[in-house]
Amino acid sequence: MKRPHYFEQVLETARLIPEGRVSTYGAIADFLALGSARMVGWAMKNSFNSEELVPAHRVVNGKGELSGRNAFEHPDLMAELLISEGVEVKNNKVVRFSEVFWHPREMYE
DNA sequence: CATCTGACATAAC
DNA sequence: GGTTATGCCAGAT
């Protein structure tokens, strides 16, 4: 496939998300200033096609909901992965989302 | 080229 | 707290 700049940027940024933290599509899109949040979701879906492993489970939507769980092998895999990393997940949502939320901007501060 | 769809976001109702 | 509308942009058809 083509290797658009934003695609690699999104995956690279996703890999920067610390364990036990989560980020959002909007935050990544805003930070990269490339395209829109939909591009991030698009990249995530295609991240399984990437050669590099990407912690896609650490990327949730703006409400902290695991909107992408359906794209995993098992719908509950995403939540289990997060829980195994220390992120509390309840009813497909990240608990205390505002506390575990991570913005790429923090890397530059 | 026209439309639809999507792991989204935001505002308005 | 849903639903609707709009912006966003790459793929698929």
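Proteins come first, then strands; the chains are lettered A, B, ... in the order of their sequence lines, and each starts at number 1.
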Inset, instruction - Assign A:Ala29 to base, sugar-phosphate, or nothing according to its heavy-atom contacts below 4.0 angstrom with the strands shown. - result: nothing
Legend entry - Stepwise side-chain hydrogen bond (donor to acceptor under 3.5 Å, both in side chains) test for A:Glu80 and A:His74: CA-CA 10 Å; A:Glu80 292 181 13; A:His74 183 62; 5.2 Å; no
Legend entry - A:Lys63 backbone acceptor or donor facing A:Asn61 side chain under 3.5 Å: yes
Inset, instruction - For the pair A:Arg58 (side chain) and A:Ile17 (backbone), establish whether a donor and an acceptor sit closer than 3.5 Å, ignoring hydrogens and angles. - result: yes
Inset, instruction - Would you indicate which nucleotide in B:dA7, B:dA9, C:dG11 comes nearest to any side-chain atom of A:Trp42? - result: C:dG11
Inset, instruction - Using the C1' atom on both, measure C:dC8 against B:dT5 and round to a whole Å. - result: 13 Å
Inset, instruction - Would you mind reading off the distance between A:Phe31 atom CZ and B:dA9 atom P, rounded to a whole angstrom? - result: 17 Å
Legend entry - Rounded interatomic separation in angstrom, taking CD1 from A:Ile28 and P from B:dA7: 16 Å
Legend entry - Lys/Arg-Asp/Glu bridge criterion (N-O < 4.0 Å) met for A:Arg21, A:Glu106: yes
Legend entry - Nucleotide of B:dA9, C:dA10, B:dA7 approaching A:Met39 most closely (side-chain heavy atoms): C:dA10
Inset, instruction - Quickly work out the A:Phe7 CZ to B:dG6 C1' distance and round it to whole Å. - result: 15 Å
Inset, instruction - Please state the C1' separation for the pair C:dA12 and B:dC1 - nearest whole angstrom. - result: 14 Å
Inset, instruction - Using the P atom as the reference point in each nucleotide, state the distance between C:dT6 and B:dA7 in Å, no decimals. - result: 22 Å
Inset, instruction - Could you check how far CG of A:Asn46 sits from P of C:dC9, rounded to whole Å? - result: 18 Å
Inset, instruction - Provide, to the nearest angstrom, the distance between the NE2 atom belonging to A:His103 and the C1' atom belonging to B:dA9. - result: 13 Å
Inset, instruction - Could you tell me the separation between the CE atom of A:Met44 and the P atom of B:dT5, rounded to a whole number of Å? - result: 24 Å
Inset, instruction - Give the rounded distance in Å between these two atoms: CG of A:Leu11 and C1' of B:dA7. - result: 13 Å
Legend entry - Beyond-backbone contact of A:Met78 with A:Val60, side-chain heavy atoms, under 4.5 angstrom: yes
Inset, instruction - Starting at atom OH of A:Tyr25, determine the distance to atom C1' of C:dC9, rounded to an integer number of angstrom. - result: 17 Å
